[in-house]
Amino acid sequence: MALQIFPQKTQQPLKSIFPSPTNNGCSIIVPCAYNSSRRLALFQLAITQSQLFNGKAPESLSAEGKVIESGMIAELAQSNIALNDETASEWIKKDKRRMLHVVYRVGNLDKTIKFYRECLGMKLLRKRDIPEEGYSNAFLGYGPEESNFAVELTYNYGVDKYDIGTGLGHFGIAVEDVAKMVDLVKAKGGKIIQEPGPAKDGGPITAIVEDPDGYNFELLERGPTLEPFRQVMLRVGDLDQSINFYKKAFGMELLRKRDNPDNKNTIAVMGYGPEDKNTVLELTYIYGVKSYDKGNGYAQIAVGTDDVYKTAEAIKLYGGEIVLEPGPLPGINTKIMACIDPDGWKTVFVDNADFMKELE
């Protein structure tokens, strides 16, 4: 029996999670095959023009997705691994996990790249255009993807605006001089949400700037670091439930937790290592708010694992919901799986060895 660490939801068949206009909804959307020279864009979510023009946003979308029969997915899931609480916990501790990148959609790829490079100091790691599938991708960050966290931007042809929703908070980056970066953003015509100033809790100087698509970046004044991309902040409806899920099912550590009664919120910082060396997940609970609108701009975080099959079994064991069973993607050998947390935030796990091959 699964060890329920959050209330069990009615498990919908994949066909209802990933609706398709074909085959009467009996298909699901997964990334289509492409030649091995292309870097994998992990299970991206996007919007087609027709869906936008109809004013409807489906529950799950794909930037480079094509419809395949749901039976194929069953064939791709080849794991017969059975885990109990003890073996799952022990394996999760040994698994080499780290947060790889965050995926979200933008309306003007070149404009966003320019802002990230000139204002936020990121490097363009790679960029590709896939005209036959109607999208372009860009990967930016502060170091190589083999060791550093990255942002994966997706531009879908003809879609110039997305709804960010209320659930996504911000992305945090460490900078040596917050005021100087804010002045640079102003000089480039950027929008300042919060002027530089000391944190209320006595922490470092911070500021918040907005990128061209409306995503917020919190600037944190810190000394030099090998990983300036500090955090992804998501809002949740039950903080203790979420902490328990990420500890048990994902193997993350609770690095710190702080209640902020003046701001009427509580935060928990989760991750796979200390904050000064790793990108972390910041979960925020706002007093009395149990659910949020996720919009259609943010997609997911990708996490590396040594075995997507064991990862899926462990997540099921702890009551998690798998939305894409583990297995190799059609046409290539990269193995992935996808799940959602108690609040519906999506995470994609990708095989570490396969991920490194994709970067070659």
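Just the heavy atoms: all of them, side chains too, but no hydrogens, waters or symmetry mates, feed the values below. What you see is a predicted model; the values in this text were computed from it and never measured.
- When atom types are taken as modelled, the side chain of Glu227 and the backbone of Phe149 share a donor-acceptor pair closer than 3.5 angstrom.
- Side-chain atoms of Asp343 do not come within 3.5 Å of backbone N or O of Val236 as any donor-acceptor pair.
- Remark: the Thr112 side chain and the Asp213 side chain contain an N/O donor-acceptor pair separated by less than 3.5 Å.
- The distance from atom CG of Asp307 to atom NZ of Lys94, rounded to the nearest 0.5 Å, is 13.5 Å.
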**OP:** With salt bridge (Lys or Arg N to Asp or Glu O under 4.0 Å) as the test, would you mind laying out the steps for Lys357 and Glu360 before giving the verdict?
**Re:** CA-CA 5 Å; Lys357 290 178 183 178; Glu360 294 177 354; over 6 Å; no

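- Between the side chain of Asp293 and the backbone N or O of Gly165 there is no donor-acceptor pair closer than 3.5 Å.
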Subject >> Lys247 and Met270: CA distance, side-chain angles, deciding distance, side-chain contact (heavy atoms from CB on, under 4.5 Å) verdict >> reply: CA-CA 8 Å; Lys247 287 175 67 175; Met270 312 286 296; 3.6 Å; yes

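- The side-chain heavy atoms of Met181 and Val209, taken from C-beta on, include no pair separated by under 4.5 Å.
- Taking every heavy atom of both residues into account, Ile92 and Ala249 meet most closely at CD1-O, 4.0 Å.
- Residues Tyr309 and Asp351 bring no donor and acceptor atom of their side chains to less than 3.5 Å of each other.
- Interatomic distance, CG of Leu281 versus CD1 of Ile301, reported as 5.0 Å (0.5 Å rounding).
- The minimum heavy-atom distance between Ala268 and Leu254, with the atom names listed, is CB-CD1, 3.9 Å.
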Original post:
Given the rule in the salt bridge (Lys or Arg N to Asp or Glu O under 4.0 Å) test, do Asp259 and Lys264 qualify, once you have shown the distances and angles that lead to the verdict?
Top reply: CA-CA 8 Å; Asp259 185 43; Lys264 297 184 179 180; over 6 Å; no

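- Using modelled atom types, no side-chain atom of Asn278 and backbone atom of Tyr272 make a donor-acceptor pair closer than 3.5 Å.
- Taking the six-membered ring for Trp and the full ring otherwise, the centers of Phe250 and Phe245 sit less than 6.0 Å from each other.
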Original post:
Stepwise, does the side-chain contact (heavy atoms from CB on, under 4.5 Å) test hold for Val280 with Leu255?
Top reply: CA-CA 9 Å; Val280 297; Leu255 302 174; 3.6 Å; yes

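- Sorted by first and then second residue, the salt bridge (Lys or Arg N to Asp or Glu O under 4.0 Å) pairs with a member in residues 164-190 read Glu118-Lys188, Lys186-Glu195; sequence neighbours excluded.
- In this structure the side chain of Arg117 reaches within 4.5 angstrom of the side chain of Leu140, judged on heavy atoms.
- With sequence neighbours excluded, the residues satisfying ring pair (Phe, Tyr, Trp, His ring centres under 6.0 Å) with Trp345 are Tyr298.
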**OP:** Decide yes or no on side-chain contact (heavy atoms from CB on, under 4.5 Å) for Val350 and Lys335, but give the supporting numbers first.
**Re:** CA-CA 6 Å; Val350 57; Lys335 296 178 287 294; over 6 Å; no

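- Side chain of Glu133 to main chain of Tyr135: no donor-acceptor pair is present (N/O by atom type, distance under 3.5 Å, no hydrogens or angles).
- Residues that satisfy the ring pair (Phe, Tyr, Trp, His ring centres under 6.0 Å) test with Phe115, not counting sequence neighbours, are absent from this structure.
- The side-chain heavy atoms of Met122 and Val151, taken from C-beta on, include a pair separated by under 4.5 Å.
- The nearest pair of heavy atoms linking Ala138 to Ile113 is CB-CD1, 3.6 Å.
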Subject >> Evaluation steps, side chain to side chain donor-acceptor pair (under 3.5 Å), between Tyr246 and Asp341 >> reply: CA-CA 8 Å; Tyr246 280 98; Asp341 76 356; 2.7 Å; yes

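- In this structure, Asn137 and Leu153 have side chains that are not in contact, with every pair of non-hydrogen atoms separated by 4.5 Å or more.
- Within the 4.5 Å cutoff, no side-chain heavy atoms of Cys339 are placed close to those of Glu321.
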Original post:
For Arg97 and Thr311, what are the C-alpha separation, side-chain angles and deciding distance, and is it a side chain to side chain donor-acceptor pair (under 3.5 Å)?
Top reply: CA-CA 10 Å; Arg97 296 184 179 182; Thr311 292; 3.2 Å; yes

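- Separating the OG1 atom in Thr154 from the CG atom in Leu109 is a distance of 8.5 Å, to the nearest 0.5 Å.
- Considering every non-hydrogen atom in both Val178 and Ile205, the closest pair reads CG2-O, 3.6 Å.
- A salt bridge links Asp240 with Lys257; the closest basic N to acidic carboxylate O contact falls under 4.0 Å.
- Other residues, nucleotides and ligands place more than 12 heavy atoms under 6.0 Å from the CD1 atom of Ile192.
- No donor-acceptor pair under 3.5 Å is formed between the side chain of Asn260 and the backbone N or O of Asn263.
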Original post:
Between Glu275 and Arg256, is a salt bridge (Lys or Arg N to Asp or Glu O under 4.0 Å) present by the stated rule, with each step listed?
Top reply: CA-CA 10 Å; Glu275 291 181 74; Arg256 60 186 172 92; 2.7 Å; yes

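- Nearest heavy-atom pair, Gly344 versus Lys294, reported as atom, atom and distance to 0.1 Å: C-CE, 3.6 Å.
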Subject >> Worked check of side-chain contact (heavy atoms from CB on, under 4.5 Å) between Met356 and Glu146 >> reply: CA-CA 7 Å; Met356 296 303 290; Glu146 291 87 347; 3.4 Å; yes

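- Note that CD1 of Ile267 is 12.0 Å distant from CZ of Arg235, once rounded to the nearest 0.5 Å.
- Within 6.0 Å of the CD atom in Glu86, the count of heavy atoms belonging to other residues, nucleotides or ligands does not exceed 12.
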**OP:** Start with the C-alpha gap between Glu145 and Arg126, add the side-chain angles, then the distance that decides, and say whether salt bridge (Lys or Arg N to Asp or Glu O under 4.0 Å) holds.
**Re:** CA-CA 10 Å; Glu145 293 176 74; Arg126 62 178 68 215; 3.5 Å; yes

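- A heavy-atom distance below 4.5 Å is found between the side chains of Tyr287 and Pro261.
- Looking at Asn148, its side chain does come within 3.5 Å of a backbone N or O of Leu226 through a donor-acceptor pair.
- By the ring pair (Phe, Tyr, Trp, His ring centres under 6.0 Å) test, Tyr215 is found to be paired with Tyr104, residues two or more places apart in sequence or in another chain being considered.
- Annotation: ring pair (Phe, Tyr, Trp, His ring centres under 6.0 Å) contacts of Phe217 (sequence neighbours excluded): Tyr116, Phe171.
- Using a 4.5 Å heavy-atom threshold, the side chains of Arg222 and Val175 count as separate.
- Contact check for Val103 versus Gln300: side-chain heavy atoms found under the 4.5 Å cut-off.
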Original post:
Would Thr334 and Glu358 count as a side chain to side chain donor-acceptor pair (under 3.5 Å) if you check the C-alpha gap in whole Å, the side-chain angles of each, and the deciding distance to 0.1 Å?
Top reply: CA-CA 8 Å; Thr334 302; Glu358 288 290 336; 2.7 Å; yes

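- In plain terms, the two heavy atoms of Ile173 and Leu120 that are nearest each other are CD1-CD2, 3.9 Å.
- Not counting sequence neighbours, Lys111 has no partner by the salt bridge (charged side-chain N to carboxylate O under 4.0 Å, His left out) test.
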Original post:
Run the side chain to side chain donor-acceptor pair (under 3.5 Å) check on Asn265 and Thr284 step by step: do they pass?
Top reply: CA-CA 7 Å; Asn265 66 44; Thr284 298; over 6 Å; no

